[in-house]
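A short worksheet on the structure shown next.
Along the sequence shown, residues carry numbers from 1.
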Amino acid sequence: MSSDSPSPSGRLRPRLAGLRMSGRRLAGLRSVLPRNRGEFLAAMATIGLSLAASVISDQVVNALEVVIPLGLIITVSLFLLSIKWLRRGERSLPLNDAAAARPRLPPRVDTPVGREREVGEVVDRALARGLVLVRGPAGSGTSTMAVNAGWRLAPETERQRYTDLRGQDRDEPEDAASVTERVLRTLGRPLGSVGSAEEAAQEVLGALRNTGRVLVLDNVERWSQVAWLPRHVPGGWVIVAGELKADTDGAVPAEVAVVQAGLLSPDEGVTLLRSQIAADRIEADPASTKRLANLFLRRPAIAVGIGRWLAENPRVPIAALVADLEQGPHDHTLQLLLAMQLRRVRPAARRLLALLARAPIAELGIGGATALTGGTEHDTERAMEELSQHGLVERVRESRVRVVDAARAIVAPPEDWEAAWRRLVEHFANQADLFAERLPQEEARAWFGVEDKALLHILRTRRPAPWASGPFWRIADALEVWFFLEQRHKERRETARALAQAAKALGDTEVQATAELRLCLIALVLGEPGMAKEHLDAASHLRTGVESWPAQLHLARAATLLATGDEFTAVESSLVQYGQALPSGDATGQATRWINMAVLRIRRGQVLGFEGGTDEADRLYTGAVGILVQALEIARQAGDEHAGAHARDLLALVHWLLGRTRDASADWEEAIRMYGLLGDTVGQARCRIHRAATLPEAEHREAAKLLRSALRRLPATGVSTALAWLHLARAEPRGARSHREKGLSALAPWDGIAEPLQVTEVRRRLNAVPTYRRI
């Protein structure tokens with residue numbers, strides 16, 4: 001494939017990971033040698049995890065069976081470098097607003113009128129229980145109460161953590177999984193190691209326990225979003241604020257401390273009004289002030305809006321405002337106020353509000369807002385400030401804004417929306433390109449941590465316009481890189497599905513095939529061989545003829561064949577075709593090819609060993625050692641850390657199979673270290689399963705500890721997961737019945753389809769596990 005040439009605008013054309021395209025379309029993916037860790041953009045697709053070959057033999061040592069894995073429990077990298085290399089020279093990438101945002105509390109209100117008692121109650125409940133909910137309808141001041149209580153508990157900013165849990169979808173609140181991800185990111189905890197709500201709660205405890213830190217989660221709509229949080233946090237505090245409505249997942253449990261934000265009294269409403277306008281205006285017409293307080297000053301948000309409007313309209317008497325407000329429904333008071341405010345803003349600010357209200361993304365920074373208007377940052381910032389002063393938008397984190405909900409209904413649809421939307425999508429695609437190239441640097445992580453939901457929301461756009469194909473494909477590539485780096489395979493799958501739907505809508509079969517290929521590889525990672533085969537078939541049907549397949553499709557076919565049986569001849573044929581399809585000089589692809597050849601030898605050795613052909617199996621294992629040593633050297637020369645880690649992991653396994661215990665131990669330790677540097681917690685988990693299986697009976701507690709650590713990082717299904725439960729049943733006989741059932745459940749994806757011998761053997765061993773019975 002020829003390299004990309006600069007476009008007239010000076011930017012390089014993007015590459016789409018996966019399948020090659022014609023010269024008139026986006027260029028297809030090719031494996032590109034990473035030049036250094038700072039430029040590393042590998043989105044690996046795993047082909048061995050779901051296979052996790054597991055033929056085993058038993059050795060009895062002091063009543064504990066040491067389970068020696070004779071199979072392949074290792075992933076083999078398929079390197080899909082999803083983004084072009086953009087050579088910047090000495091040009092630095094400006095830090096985005098989102099990346100600069102710090103998770104400390106917003107400024108406190110010195111005297112929260114009518115809320116002093118409630119704030120004190122929040123502090124007391126937090127000190128007593130660790131977790132407290134501040135609950136009330138929109139506009140009732142829950143955020144003010146939570147933030148002020150947070151400042152009292154932790155006055156030093158380094159002990160404060162804050163996140164606004166309103167999502168980018170205006171119509172649907174964030175689900176519990178998304179909230180979990182945002183909370184853990186706010187606390188600086190790793191995401192790849194979290195596989196369940198219980199583990200997420202433990203991460204929160206680990207970040208807050210005995211630290212004197214406070215975590216404030218603002219604008220929570222439903223209890224189900226935060227139901228996973230720990231109920232008690234010794235030496236730390238969690239304050240959850242928002243409506244917290246009950247939903248289908250249930251109401252707030254009785255044991256959770258709740259502080260209700262009620263309505264202000266009329267006198268408290270007048271006091272709040274006095275803080276914003278001159279006292280003589282209030283005293284000039286006490287009857288109208290009393291009526292205003294009784295009808296409209298009971299909620300802090302509305303009282304503040306009324307005070308702001310009166311302050312900006314000093315010649316308007318309170319009686320006139322009351323008369324205007326009474327003409328409309330009382331539940332639309334804020335909307336009426338904002339409509340009056342809107343008449344005071346300049347046309348440029350009014351246009352920006354209309355564009356922001358129309359955008360499907362609820363929160364935008366200065367860059368996104370500027371893209372919408374098509375103007376300059378200076379003019380956009382000025383318009384944003386004007387809208388903020390009039391209460392039409394609210395500031396979120398540094399330079400980001402959200403349109404106030406009541407303001408959406410008072411603006412007319414923008415006439416130039418299509419052009420504005422195109423500018424916004426292209427802005428996000430360009431930003432995604434730039435920050436993806438910077439991964440895994442912290443500024444890039446910070447940007448994606450804030451914007452990944454917006455990018456995914458864009459990709460899910462229904463009926464995309466023809467111009468969207470280029471930006472959409474670039475966004476999908478960047479998200480694939482990001483979500484793989486974070487090991488968030490659920491989001492990887494959502495991205496690939498959105499890509500497939502967009503490509504289908506636009507009639508781009510090659511991009512649709514790319515999406516299906518990604519879905520195949522993700523299914524293998526998650527231990528779903530049947531689903532992987534369906535997506536592989538879909539990808540191959542979208543291509544005309546095997547001779548036109550790119551290298552990645554051949555490798556995915558080899559992986560799927562290994563996951564669903566022992567057709568070694570067909571696997572070998574696919575690997576040969578993969579090697580032939582690799583571009584010249586592709587060192588990453590060559591390292592992958594050598595690793596796969598070793599995988600094939602090990603798998604064949606497994607079958608032969610199980611059938612009694614020990615000598616032939618040892619010959620194949622010895623040959624695999626030589627192949628892996630060569631793969632390690634290629635990976636070293638290429639600076640390819642992922643390939644090196646996988647090769648080292650496999651080498652440890654083969655050394656163990658050949659009885660070279662010391663070499664195996666050293667290689668596993670090195671593989672764990674390398675996986676750690678790469679943030680590959682799943683790779684570390686597989687190594688820990690091996691180590692646990694080789695420990696003597698006297699160390700069964702250590703073995704159980706390693707296995708439980710591994711299970712927290714593995715998907716619910718797959719042979720690696722099943723094997724871990726099998727080993728745990730041996731190490732913990734009292735829990736053997738439960739462990740056996742969980743292990744068999746992990747093999748459920750193979751029910752009713754062809755399965756390799758390794759899967760059959762693990763299933764047989766699980767069924768044979770003796771169960772402990774209480775007497």
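Side-chain contact between R344 and Q341: present, with at least one pair of heavy atoms (C-beta onward) separated by less than 4.5 Å. Between T373 and D379 there is no side-chain heavy-atom pair separated by less than 4.5 Å. Annotation: side chain of W228 is in contact with side chain of V179 (closest heavy-atom distance under 4.5 Å). Under the 4.5 Å side-chain criterion, counting only non-hydrogen atoms from C-beta, R350 is not in contact with R346. Residues D680 and V682 meet the side-chain proximity criterion, which asks for heavy atoms closer than 4.5 Å. A heavy-atom distance below 4.5 Å is found between the side chains of D508 and W473. The shortest distance between side-chain heavy atoms of Q431 and E451 does not fall below 4.5 Å. Residues V525 and P715 form no side-chain contact, since every pair of their non-hydrogen atoms from C-beta on lies 4.5 Å or further apart.
Here the CD atom belonging to Q335 is positioned 11.5 Å from the CE atom belonging to M340, to the nearest 0.5 angstrom. Remark: L372 CG to L355 CG distance equals 5.5 Å, nearest 0.5 Å. Residue Q441 holds its CD atom at 5.5 Å from CD of E443, rounded to the nearest 0.5 Å. We find the CG-NE2 distance between L524 and H489 to be 11.5 Å, quoted to the nearest 0.5 Å. Atom CG of L582 is separated from atom OG1 of T592 by 8.0 Å, given to the nearest 0.5 angstrom. The distance from the CG atom of D169 to the CZ atom of R460 is 8.5 Å, given to the nearest 0.5 Å.
With sequence neighbours excluded, the residues that form a salt bridge (charged side-chain N to carboxylate O under 4.0 Å, His left out) with E394 are R166. With sequence neighbours excluded, the residues that form a salt bridge (charged side-chain N to carboxylate O under 4.0 Å, His left out) with R493 are E528.
Remark: side-chain polar atoms of Q512 are not paired, donor with acceptor, to backbone N or O of G507 under 3.5 angstrom. Side-chain N or O atoms of S388 include none that pairs as donor or acceptor with a backbone N or O of M384 at under 3.5 Å. A donor-acceptor pair under 3.5 Å links the side-chain atoms of N430 to the main chain of E426, judged by distance alone. Not a single donor-acceptor pair under 3.5 Å links the side chain of Y578 to the backbone N or O of L553. In this structure a side-chain-to-backbone donor-acceptor pair under 3.5 Å is missing from T461 to P464. When atom types are taken as modelled, the side chain of R358 and the backbone of W417 share no donor-acceptor pair closer than 3.5 angstrom. A donor-acceptor pair under 3.5 Å is absent between the side-chain atoms of W223 and the main chain of V220, judged by distance alone. A donor-acceptor contact shorter than 3.5 Å is absent between the side chain of R445 and the backbone of L439. Between the T717 side chain and the L526 main chain, a donor and an acceptor come within less than 3.5 Å of each other. Checked by atom type and distance alone, the side chain of R402 never pairs as donor or acceptor with a backbone atom of E363 at under 3.5 Å.
Between E494 and K490 there is a salt bridge, since at least one side-chain N of the basic residue sits less than 4.0 Å from a carboxylate O of the acidic one. Between R492 and E486 there is no salt bridge, since none of the side-chain N atoms of the basic residue sits less than 4.0 Å from a carboxylate O of the acidic one. Salt-bridge check for R351 with E386: failed, with every basic side-chain N at 4.0 Å or more from each acidic carboxylate O. Between R543 and E510 there is a salt bridge, with a side-chain nitrogen of the basic residue lying less than 4.0 Å from a carboxylate oxygen of the acidic one.
Smallest separation of non-hydrogen atoms from A357 and V411: CB-CG2, 3.8 Å. The two residues T370 and T376 have their closest heavy-atom pair at CG2-C, 3.8 Å. Smallest separation of non-hydrogen atoms from V404 and G391: CG2-O, 3.3 Å. The minimum heavy-atom distance between T564 and P529, with the atom names listed, is CG2-CB, 3.8 Å. Taking all atoms of both residues into account, the shortest heavy-atom contact from A476 to R518 is O-NH1, 3.6 Å. Minimum heavy-atom separation, G368 to L424: O-CD1, 3.5 Å.
Below 30°, between 30° and 60°, or above 60°: for W482 and F448 the angle between ring planes is below 30°, a parallel geometry. Ring orientation note: the planes of W549 and H554 are tilted relative to one another, at an angle of 30° to 60°.
The number of heavy-atom neighbours closer than 6.0 Å to CZ of R382, taken from other residues, nucleotides and ligands shown, is 12 or below. Enclosure of atom NZ in K533 is not indicated, since only 12 or fewer non-hydrogen atoms of other residues, nucleotides or ligands lie within 6.0 angstrom.
A donor-acceptor contact closer than 3.5 angstrom is absent between the side chains of D175 and S178. Checking Q168 against H457 by side-chain atom types alone, no donor-acceptor pair falls below 3.5 Å.
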* Pair L387-V401, side-chain contact (heavy atoms from CB on, under 4.5 Å): steps then yes or no -> CA-CA 10 Å; L387 293 173; V401 296; over 6 Å; no
* To do: Give the intermediate values and the outcome of salt bridge (charged side-chain N to carboxylate O under 4.0 Å, His left out) for residues R395 and E385.
  => CA-CA 9 Å; R395 296 281 183 174; E385 182 60 30; 2.9 Å; yes
* To do: Give the intermediate values and the outcome of salt bridge (charged side-chain N to carboxylate O under 4.0 Å, His left out) for residues D452 and R488.
  => CA-CA 12 Å; D452 55 9; R488 289 160 58 188; 3.2 Å; yes
* Please report the C-alpha distance between R423 and E418 in whole Å, then the side-chain angles of each, then the deciding distance to 0.1 Å, and finally whether the salt bridge (charged side-chain N to carboxylate O under 4.0 Å, His left out) criterion is met. => CA-CA 9 Å; R423 288 192 300 268; E418 189 63 25; over 6 Å; no
* Kindly determine whether H535 and L517 satisfy side-chain contact (heavy atoms from CB on, under 4.5 Å), including the steps that lead there. => CA-CA 6 Å; H535 289 300; L517 176 59; over 6 Å; no
* Go through the steps for L244 and R222 under the test side-chain contact (heavy atoms from CB on, under 4.5 Å), then give the verdict. => CA-CA 4 Å; L244 288 161; R222 298 173 182 171; over 6 Å; no
* Asked: Given L485 and L678, is the side-chain contact (heavy atoms from CB on, under 4.5 Å) satisfied, shown in steps?
  -> CA-CA 8 Å; L485 182 66; L678 295 166; over 6 Å; no
